[in-house]
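Each chain gets a letter, A, B and so on, in the order its sequence line appears, and its residues count up from 1.
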Amino acid sequence: MQRYFKTIRLFWSTAFASQLEYQLNFLIELLAMLGTLLGSVFILSLFFTGGRQLGDWTWESALVIQGVYTFLDGLTNALLRPNLTEIVNYVREGTLDYVLLKPIDSQFWLSVKKFSFAGLPEIILGLSIVFWATIQSVSTFSIYSLFVFIISLLIGFIILYSVWFLIAASSIWFVKTWNATEVLRALLAAGRYPISAYPVVLRFIFTLVLPVAFLTTFPAEAILGELKFNILFFGLILSTLFFIFSRLFWKFALKHYTSASS
Amino acid sequence: MLEYRIEIALWALSGVLPFIMFSLWSQNDVGNSFGLNDIGLARYFLSAFLVRQFSVVWVVFSFEEDSLSGRLSPYLLQPLHPLFRYIASHLAEQATRLPFAIAIAISFFILNPSSFWLPSLPQLFFAYLSTHFAFTIAFLLQSLVAALCFWTEKSSALERLIFVPYLFLSGLLVPLSAFPSNVLKVAMLTPFPYLINFPAKILSGMPVHIFNGFLAQILWISILVPSVNILWKLGVKRYTAMGA
């Protein structure tokens with residue numbers, strides 16, 4: 001276990017050093033992030049024109065969801081995208097062989113190799129929005145709801161990671177998965193809005209098939225103190241299943257790995 | 001292109017965003033506040049989806065790859081401008097995408113039978129023409145960023161600075177008529193509304209100033225063509241043939 005922590009530390013300190021060379025990138029990411037946030041808050045405000053509500057969510061509580069989305073988007077930009085989009089290249093160029101030969105779990109290696117520090121401001125900003133909007137909405141929150149919030153964020157992140165990893169792992173067969181991650185990104189964008197704002201069919205899909213609801217709506221409900229305990233329980237089971245499935249799928253995929261150019 | 005059928009099907013699917021937005025706007029009855037009933041909304045977003053399918057551009061990503069791997073050097077030696085190579089590959093993929101786009105349109109009509117409509121021939125013609133213009137503008141905008149590849153290695157990061165305003169101002173998420181008038185005025189000064197909103201309005205049969213729209217599209221093209229040309233020429237002088 002200690003070996004894994006040490007590896008992460010080494011990975012991320014080299015990542016930090018190499019990214020210092022691209023400071024302009026950092027600035028661009030920051031600008032893009034602010035633009036995205038401004039735009040999505042603006043679109044969200046269009047739903048509330050004329051004193052309307054969005055699927056029984058008030059303006060402030062809907063902003064909590066935006067905050068959670070921004071936070072997870074930051075994590076995606078920092079960790080998931082840099083690592084998981086590389087898997088395709090390893091498969092295509094045959095360099096996955098070297099990863100598999102390393103004396104460390106290959107899924108672990110592939111998932112944490114890189115860390116993009118440009119995602120950090122988004123993570124911080126997302127959390128700030130969550131707390132600010134929560135205070136605007138319900139004036140205060142208990143330690144208990146903070147605890148439930150952290151658990152449900154963890155659930156959301158594990159689900160998000162597993163789905164990304166599943167798609168990335170399928171590159172063993174398809175070699176190109178860039179478009180599959182685009183589909184995923186488009187669908188995840190649905191998480192910007194509360195799940196109750198969608199038609200019934202989509203609500204069902206976004207809860208059980210592609211659990212977008214667990215990513216943003218439920219953590220937001222948690223911090224607002226509205227999350228039902230059985231949903232949290234269900235989320236724990238679901239995220240465990242997703243994670244186990246991603247591992248099994250990776251093992252299965254590796255059996256089909258034929259390597260390239262070697 | 002035909003070898004990557006799954007790829008292209010996925011591409012077509014990755015355009016689902018307008019449909020997600022449609023379900024939100026119609027479910028929450030917001031359409032009325034910007035003068036569109038459910039049928040109008042459905043037609044607008046299906047049109048937006050179709051326009052996007054035939055105007056989406058990724059030249060900056062191909063170009064960055066070619067430039068970093070040194071593949072660009074032989075292209076530069078050829079007597080044809082390298083950008084034409086990318087134009088050709090974009091057009092080829094648009095053609096292969098047509099059947100998937102039709103399939104998605106048909107499934108949309110099955111799910112929302114009341115929204116079914118067939119645009120009249122002139123509507124279809126003008127929508128076709130304006131989508132091509134939209135593609136041209138989007139392509140030129142990205143080429144402008146791609147040309148920056150000659151200065152910085154990571155110009156795909158710069159592409160995000162175009163993508164963000166495109167996402168919110170093009171009309172992909174909401175018809176622009178929903179914008180408050182002061183925001184709308186600013187948005188209309190950018191090229192983005194002419195990329196989705198204008199062609200989609202024509203196709204879905206919403207009232208639109210066809211003449212003004214085309215004028216603006218042509219104006220943007222005539223600004224962008226020389227800019228790309230100049231930046232490209234300056235860039236090629238700096239080109240150091242990385243990786244070759």
Side-chain angles (χ1 to χ4, degrees), chain A residues 21-22 24-29 31-50 52-55 57 77 118 167 170 173-194 196-203 205-206 212, chain B residues 3-4 6-34 52 56 58 61 65 111 145 148 151-170 172-180 183 187:
Chain A
E21 278 193 53
Y22 299 100
L24 187 67
N25 256 6
F26 196 82
L27 193 74
I28 293 169
E29 284 293 316
L31 268 175
M33 171 196 89
L34 289 175
T36 311
L37 190 67
L38 196 73
S40 36
V41 170
F42 169 66
I43 300 280
L44 184 70
S45 76
L46 293 178
F47 284 102
F48 289 88
T49 47
R52 224 181 281 98
Q53 290 205 336
L54 184 61
W57 286 66
N77 286 331
I167 288 182
S170 68
W173 289 279
F174 299 125
V175 185
K176 275 173 93 182
T177 50
W178 193 71
N179 287 336
T181 47
E182 282 302 299
V183 179
L184 185 64
R185 274 178 68 187
L187 287 171
L188 291 179
R192 284 186 186 283
Y193 308 98
S196 58
Y198 287 96
V200 183
V201 183
L202 282 180
R203 251 181 260 176
I205 293 175
F206 286 150
V212 174
Chain B
E3 276 189 51
Y4 294 105
I6 298 181
E7 277 285 284
I8 291 162
L10 284 173
W11 238 131
L13 264 181
S14 74
V16 293
L17 202 55
F19 298 132
I20 292 178
M21 293 312 290
F22 161 65
S23 69
L24 274 175
W25 295 115
S26 65
Q27 174 77 11
N28 294 282
D29 288 325
V30 197
N32 292 326
S33 68
F34 40 85
R52 169 141 171 89
V56 73
W58 59 95
F61 302 102
E65 205 185 321
L111 290 172
V145 177
L148 292 175
W151 283 269
T152 158
E153 287 164 43
K154 284 251 169 234
S155 68
S156 64
L158 281 171
E159 195 272 340
R160 285 196 57 181
L161 293 184
I162 300 186
F163 181 74
V164 171
Y166 167 79
L167 187 62
F168 296 108
L169 300 178
S170 67
L172 200 61
L173 304 177
V174 57
L176 256 65
S177 47
F179 283 15
V183 184

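For B:Arg160, the CZ atom is densely surrounded, since the number of other residues' heavy atoms within 6.0 Å is greater than 12.
For A:Ser45, no part sits under 4.5 Å from any heavy atom of chain B, backbone or side chain. Both the backbone and the side chain of A:Thr36 come within less than 4.5 Å of a heavy atom in chain B. In this structure, chain A has a heavy atom under 4.5 Å from the side chain of B:Leu161, while its backbone stays farther away.
In this structure the side chain of B:Ile20 reaches within 4.5 angstrom of the side chain of A:Leu187, judged on heavy atoms. Residues A:Leu38 and B:Phe168 fail the side-chain proximity criterion, which asks for heavy atoms closer than 4.5 Å. When side chains are defined from C-beta on, A:Leu202 does not count as touching B:Gln27, because their heavy atoms never get closer than 4.5 Å.
Taking A:Leu54 as the reference, A:Leu44, A:Phe47, A:Phe48, A:Tyr193, A:Pro194, A:Ala197, B:Asn28 meet the side chain to side chain contact (heavy atoms under 4.5 Å, CB included) condition, with sequence neighbours excluded. Taking the side chain to side chain contact (heavy atoms under 4.5 Å, CB included) definition, one finds that A:Ala118 meets it with A:Phe26, A:Glu29, A:Ser116, sequence neighbours left out.
When each of A:Ala186, A:Gly35, A:Gly55, A:Gly39 is checked for heavy-atom pairs under 4.5 Å with chain B, A:Gly39 comes out on top. The most heavy-atom pairs under 4.5 Å with chain A, out of B:Leu167, B:Leu17, B:Val183, come from B:Val183.
When all heavy atoms are compared, the tightest approach of B:Ala178 to A:Leu46 is O-CD2, 3.6 Å.
Atom CG in B:Leu24 sits 11.0 Å away from atom CD1 in A:Ile43 (nearest 0.5 Å).
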